[in-house]
Number of protein chains: 2
Amino acid sequence: MKTTTRKVTTMRMHNPPHPGAIIKTLCLEPLGVGVTQAAQALGVSRKTLSAILNGRAGISPEMAVRLSIAFDTSAESWLNQQTQYDLWHAEQRRKQLRVAKLAG
Amino acid sequence: MKTTTRKVTTMRMHNPPHPGAIIKTLCLEPLGVGVTQAAQALGVSRKTLSAILNGRAGISPEMAVRLSIAFDTSAESWLNQQTQYDLWHAEQRRKQLRVAKLAG
DNA sequence: TCAAGCGTAACCTATAAGGTTACAGATTGC
DNA sequence: GCAATCTGTAACCTTATAGGTTACGCTTGA
């Protein structure tokens, strides 16, 4: 079987899950809390939370703070997860960008 | 003289500079590169870069990748700086948010 | 069966990034 | 002095996204 060696340095490798999946499995399910109840606690609409949970919306800075309050977690960690997710998708288009080097 | 003790754990303390200031002082100035030239290299309009440098726009994921190419840096670091900046401002409104605790 | 929970479509607003064009103020070279 | 250049920015456009409300259809449990 043939294998291919690929560059690793600038690659993130594992398509990071959208943060919504983490909210669902690490926050809602362990507490037995549903979408409706969680949305009420967070102070957002059920639609807004549902969109996040299903990867159709990102975690805004304000939402990160809301999550940190409701689940006693770090707002920074939620926002960092979103950043990693966004960055991975942006890196997928790296080769399409026409950018000239100024240093390096 | 009287002093006041304040909570530190969840506080970021030093109003983080917007990433544009860092681009200017750490990338453009050392290279002697102007806004016009840098914008051309990055493949964006002069207006777009000027807005970032002067704190009137944030660094998008795509822009982070552009910066990483032009200045041979890490896209992640640029995006993390933006995240810290955004988070600090979101934290300033933490008390205004009506959120119920679900854990903790 | 019926209520509750969930996903989501349709429609609205507000904000943000990005573009082009154009103008005014500085700087610099001739 | 004068012209060229660089810069900030306003005006105006498009696109995308977060967030809201309302409403619909599906599933599931009492």
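Reminder, nothing fancy here: chain letters follow the sequence lines and each chain counts from 1.
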Asks: Between A39(A) and L49(A), which heavy-atom pair has the shortest distance, and what is it?
Replies: N-CD2, 3.5 Å
Asks: Near DNA chain C, which residues from residues 95-102 of chain B have a heavy atom under 4.0 Å away?
Replies: none
Asks: Using the rule given for side chain to side chain contact (heavy atoms under 4.5 Å, CB included), can you reason through L79(A) versus Q84(A), listing the C-alpha separation, both sets of side-chain angles and the distance that settles it, and then say yes or no?
Replies: CA-CA 9 Å; L79(A) 224 40; Q84(A) 294 306 313; over 6 Å; no
Asks: Find every protein N or O atom lying less than 3.5 Å from an N or O atom of nucleotides 14-17 of chain C, and list the pairs.
Replies:
| from | atom 1 | to | atom 2 | distance (Å) |
| --- | --- | --- | --- | --- |
| dA17(C) | OP1 | G58(B) | N | 2.6 |

Asks: Considering only heavy atoms from C-beta outward, does the side chain of Q37(A) approach that of L31(A) to under 4.5 Å?
Replies: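 No. Closest side-chain heavy atoms not under 4.5 Å.
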Asks: Tell me, please, the opening and closing nucleotides of DNA chain D, 5' to 3', among those with an atom under 4.0 angstrom from a non-hydrogen atom of chain B.
Replies: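 Span of nucleotides near chain B: dC6(D) to dT9(D).
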Asks: When you check the side-chain N and O atoms of D86(B) and Q82(B), is any donor under 3.5 Å from an acceptor?
Replies: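 Note: D86(B) and Q82(B) side chains meet the donor-acceptor criterion.
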Asks: Would you mind reporting whether H18(A) and L53(A) have side-chain heavy atoms less than 4.5 Å apart?
Replies: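 A side-chain contact is absent here, since even the closest heavy-atom pair is not under 4.5 Å.
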Asks: Are T48(B) and M63(B) packed together at the side-chain level, in the sense that at least one heavy-atom pair is separated by less than 4.5 angstrom?
Replies: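 Answer yes - side chains close enough.
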Asks: Round to a whole Å and report the spacing from NZ of K47(A) to P of dG7(C).
Replies: 14 Å
Asks: Quick one: are N15(B) and Q92(B) in side-chain contact, heavy atoms under 4.5 Å?
Replies: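 Sidechains of Q92(B) and N15(B): no contact.
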Asks: L87(B) versus P61(A): any side-chain heavy-atom pair under 4.5 Å?
Replies: no
Asks: Roughly how far, to the nearest 0.5 Å, is the OG atom of S45(A) from the CD atom of Q40(A)?
Replies: 11.0 Å
Asks: So do Q81(A) and I22(A) actually touch side chain to side chain, heavy atoms under 4.5 Å?
Replies: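 Side chain of I22(A) against side chain of Q81(A), heavy atoms only: contact under 4.5 Å found.
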Asks: Between the side chains of S68(B) and W78(B), is a donor N or O closer than 3.5 angstrom to an acceptor N or O?
Replies: no
Asks: Using distance alone, with no hydrogens and no angle criterion, decide if T83(A) and T83(B) have a side-chain donor and acceptor under 3.5 Å apart.
Replies: yes
Asks: Would you call I23(B) and I59(B) a side-chain contact if the rule is heavy atoms closer than 4.5 Å?
Replies: yes
Asks: If the sugar-phosphate is the primed atoms plus P, OP1 and OP2 and the base is the rest, what is the B/S/- string for nucleotides 22-30 of chain C, using protein heavy atoms under 4.0 Å?
Replies: B--------
Asks: Going by heavy atoms in the side chains, are L28(B) and F71(B) under 4.5 Å from each other?
Replies: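 Yes - at least one pair of side-chain heavy atoms lies under 4.5 Å apart.
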Asks: Restricting to pairs with a member in residues 43-70 of chain A, which pass salt bridge (Lys or Arg N to Asp or Glu O under 4.0 Å), not counting sequence neighbours?
Replies: E62(A)-R66(A)
Asks: Counting only heavy atoms and a strict 4.0 angstrom limit, can you tell me which residues of residues 17-43 of chain A come near DNA chain D?
Replies: G43(A)
Asks: Take atom CD of E62(B) and atom P of dG18(C), then tell me their distance rounded to the nearest Å.
Replies: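 Whole-Å distance recorded here is 7 Å.
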